[in-house]
Amino acid sequence: MSGFLEELLGEKLVTGGGEEVDVHSLGSRGISLLGLYFGCSLSAPCAQLSGSLAAFYGRLRGDAAAGPGAGAGPGPGAGAAAEPEPLRRLEIVFVSSDQDQRQWQDFVRDMPWLALPYKEKHRKLKLWNKYRISNIPSLIFLDATTGKVVCRNGLLVIRDDPEGLEFPWGPKPFREVIAGPLLRNNGQSLESSSLEGSHVGVYFSAHWCPPCRSLTRVLVESYRKIKEAGQKFEIIFVSADRSEDSFKQYFSEMPWLAVPYTDEARRSRLNRLYGIQGIPTLIVLDPQGEVITRQGRVEVLNDEDCREFPWHPKPVLELSDSNAVQLNEGPCLVLFVDSEDDGESEAAKQLIQPIAEKIIAKYKAKEEEAPLLFFVAGEDDMTDSLRDYTNLPEAAPLLTILDMSARAKYVMDVEEITPAIVEAFVNDFLAEKLKPEPI
């Protein structure tokens, strides 16, 4: 266990009081579940979460009081044998985005859990990218032995299971989580068993969200085209509306099914299952309930005729207005080409694809997300804006890796780009051998 934890967190963590704790000691303490709490002292929601999380942490660990330093020491005290099974098997580590050390110190002082040292800025950034953290506060739970993500939305765990009765909150099959009645907007009720044999889109959305309403209009047409083509496909609306009246008004526009608004527990479990951090989100599942893509929104907007349904992920994407948002999800390899040559973009995709497939397969085998996304960018207004924003030269072809969250770029400007050059560039980036330039 300690090998994985040291690779992830480094050799040392700190308590709220500033004492160092050896990461390898977590293994000897029997920690089975690791929570990574991503936050910042300047965020009011983070301050609010820290209070409720401290109480949750104290209850789960059986601490007499969830005050500063409680549970952050090196091991259990006397009488540990009498405590219930889950106690002390959870540890939480705070991963901060603070830029001011004094503010960071003031914030962590009252935390009963551990934190990455302030100076570990590079490691913090790697964790934000590795787990695709897009907003704060965020709390994810990992199996402390294997490193596999157990739950991507720990905030809902605190709300839904404050006593930790469902510890360790591992993922359940979609069929089990969705079990129960589903509604049509005419009031008809169907059992979730009616989904068997169908591809399913799980649609997290709300009427108060303008991008959601825009996507819904497109999705209605996509749904109609897929059904008319004879495909077995159903969509399940999981509402984030703020009232049942808003839900009913919004659902009246939808030709598919919904989880009843009153079934808040099931809606929350679906959010937890897929680690929803923002809306609209469309998760597309195969007939066995396994995820095909988490980027259903992008796929629907890019494929209005639904010719590529059910939208299995492509190793290399052509950068567009609709998928450019993915540039903010983590490091991205972007090969800029001269799109005036009709075959240039396709040739560039074929050039990148072997290394993209190799990287994706390697991390899929470890049940991890690939550390890079791969794009080819032609010449258009959006690409011009990206070049301007990142201060890239106008050269084409131009091989880059852009890390927006780190505000860093890596550039290889050579006359000819070959598969060997791309592979060496990617491997050097992953081995942290490349020197970043600021964006």
Side-chain angles (χ1 to χ4, degrees), residues 43-46 48-49 52 134-139 151-162 174 177-192 194-195 198-227 233-285 291 293-301 304 322 325:
S43 163
C46 289
Q48 184 177 8
L49 172 64
S52 58
S134 59
N135 52 40
I136 56 172
S138 285
L139 175 64
C151 177
R152 291 184 176 275
N153 199 332
L155 305 186
L156 290 178
V157 167
I158 297 170
R159 189 192 74 181
D160 297 347
D161 187 25
F174 170 72
V177 177
I178 196 64
L182 299 169
L183 299 179
R184 292 207 180 275
N185 60 17
N186 62 3
Q188 181 186 5
S189 177
L190 288 80
E191 280 301 315
S192 58
S194 65
L195 301 173
S198 296
H199 287 85
V200 175
V202 189
Y203 183 35
F204 299 86
S205 185
H207 186 262
W208 53 261
C209 162
C212 294
R213 296 198 301 272
S214 296
L215 179 61
T216 295
R217 287 191 287 272
V218 178
L219 190 55
V220 166
E221 288 304 307
S222 298
Y223 178 81
R224 179 183 59 79
K225 290 173 184 175
I226 293 168
K227 299 286 268 187
F233 179 54
E234 194 50 80
I235 294 176
I236 310 297
F237 171 41
V238 183
S239 172
D241 287 295
R242 293 165 179 159
S243 71
E244 189 167 10
D245 286 343
S246 293
F247 162 77
K248 288 178 178 177
Q249 178 185 350
Y250 193 28
F251 187 38
S252 69
E253 305 168 13
M254 301 177 182
W256 45 73
L257 301 170
V259 175
Y261 185 80
T262 53
D263 196 344
E264 185 176 353
R266 190 162 31 145
R267 290 192 287 123
S268 184
R269 287 195 298 270
L270 286 162
N271 274 272
R272 279 168 51 186
L273 179 62
Y274 298 114
I276 303 304
Q277 296 190 38
I279 55 174
T281 295
L282 177 65
I283 310 283
V284 181
L285 310 177
V291 173
T293 180
R294 299 177 60 86
Q295 299 293 339
R297 173 189 184 183
V298 171
E299 299 293 352
V300 165
L301 295 176
E304 291 189 7
S322 58
V325 65

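These numbers come from the heavy atoms of this one structure, side chains and all, not from hydrogens, waters or symmetry mates.
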* Can you find a pair of side-chain heavy atoms, one from Phe174 and one from Val291, that are under 4.5 Å apart? -> no
* To do: Begin with the C-alpha distance, continue with both residues' side-chain angles, and end with the deciding distance and a verdict on side-chain contact (heavy atoms from CB on, under 4.5 Å) for Ile235 and Val202.
  => CA-CA 6 Å; Ile235 294 176; Val202 189; over 6 Å; no
* Asked: Are Phe237 and Trp256 near enough that their ring centres are under 6.0 Å apart?
  -> no
* Check: Ser222 side chain, Val218 main-chain N or O, donor-acceptor pair, under 3.5 Å -> yes
* If only atom types and distance count, is the side chain of Ser322 paired as donor or acceptor with the main-chain N or O of Leu301 below 3.5 Å? -> no
* Minimum heavy-atom distance Ser43-Ile136, with the two atoms named -> CB-CD1, 4.1 Å
* Could you walk me through whether Ile178 and Val259 pass the side-chain contact (heavy atoms from CB on, under 4.5 Å) test, one step at a time? => CA-CA 8 Å; Ile178 196 64; Val259 175; 4.0 Å; yes
* To do: Find out whether Arg213 and Trp208 are in side-chain contact, i.e. whether some heavy atom of one side chain is under 4.5 Å from a heavy atom of the other.
  => no
* Asked: Just by distance, do the side chain of Asn185 and the backbone of Met254 share a donor-acceptor pair under 3.5 Å?
  -> yes
* Identified side chain to side chain contact (heavy atoms under 4.5 Å, CB included) counterpart of Tyr203 within the set Ile283, Thr216, Val238 -> Thr216
* Output, in order, the C-alpha distance, side-chain angles, deciding distance and verdict of side-chain contact (heavy atoms from CB on, under 4.5 Å) for Glu304 and Glu221. => CA-CA 8 Å; Glu304 291 189 7; Glu221 288 304 307; over 6 Å; no
* To do: Check whether any side-chain heavy atom of Leu282 lies under 4.5 Å from a side-chain heavy atom of Val298, and answer yes or no.
  => no
* To do: With the side chain counted from C-beta on, respond yes when Ser192 and Pro181 share a heavy-atom pair under 4.5 Å apart, and no when they do not.
  => no
* Which is it for Glu234 and Ser198 under the side chain to side chain donor-acceptor pair (under 3.5 Å) test, yes or no, and what are the steps along the way? -> CA-CA 7 Å; Glu234 194 50 80; Ser198 296; over 6 Å; no
* Would a 4.5 Å heavy-atom cut-off, applied to side chains only, mark Leu270 and Phe204 as touching? -> yes
* Asked: Is Val220 close to Pro255 at the side-chain level, that is, under 4.5 Å between some pair of heavy atoms?
  -> yes
* Roughly how far apart are Leu257 CG and Gln188 CD, rounded to 0.5 Å? -> 8.5 Å
* To do: In plain terms, say whether Lys248 and Glu253 are close enough for a salt bridge, that is, a side-chain N and a carboxylate O under 4.0 Å apart.
  => no
* To do: Quick one: list whatever passes side chain to side chain contact (heavy atoms under 4.5 Å, CB included) with Ser246, sequence neighbours left out.
  => Asp241, Ser243
* **Test side chain to side chain donor-acceptor pair (under 3.5 Å) applied to Thr281 - qualifying residues, sequence neighbours left out** => none
* Structure fact -> The salt bridge (charged side-chain N to carboxylate O under 4.0 Å, His left out) partners of Asp160 (sequence neighbours excluded) come to Arg272
* Asked: Strictly under 6.0 Å, is that where the ring centroids of Tyr261 and Phe251 end up?
  -> no
* To do: Examine distances only and state if a side-chain atom of Ser268 and a backbone atom of Ala265 form a donor-acceptor pair shorter than 3.5 Å.
  => no
* Is Asn135 reaching over with its side chain to a backbone N or O of Gln277, donor-acceptor style, under 3.5 angstrom? -> yes
* Indicate yes or no: at least one non-hydrogen side-chain atom of Asn153 is less than 4.5 angstrom from one of Leu139. => no
* Could you check Ile236 against Leu195 for side-chain contact (heavy atoms from CB on, under 4.5 Å), going step by step and ending with a plain yes or no? => CA-CA 10 Å; Ile236 310 297; Leu195 301 173; 3.9 Å; yes
* Is the backbone N or O of Ser189 less than 3.5 Å from a side-chain atom of Arg184, with the two atoms forming a donor-acceptor pair by type? -> no
* **Nearest-0.5 Å distance that lies between atom CG in Leu219 and atom SG in Cys212** => 11.0 Å
* Check the surroundings of atom CD in Glu244: do more than 12 heavy atoms from other residues, nucleotides or ligands lie under 6.0 Å from it? => yes
* To do: Any chance you could measure Arg267, atom CZ, to Asp263, atom CG, to the nearest 0.5 Å?
  => 8.0 Å
* Asked: Got a second to check how far Tyr250's OH is from Ser205's OG, nearest 0.5 Å?
  -> 3.0 Å
* Which heavy atom of Pro260 sits nearest a heavy atom of Arg266, and at what distance? -> CD-NH2, 3.5 Å
* Under 3.5 Å, is there a donor-acceptor pair between the side chain of Arg294 and the main chain of Tyr274? -> yes
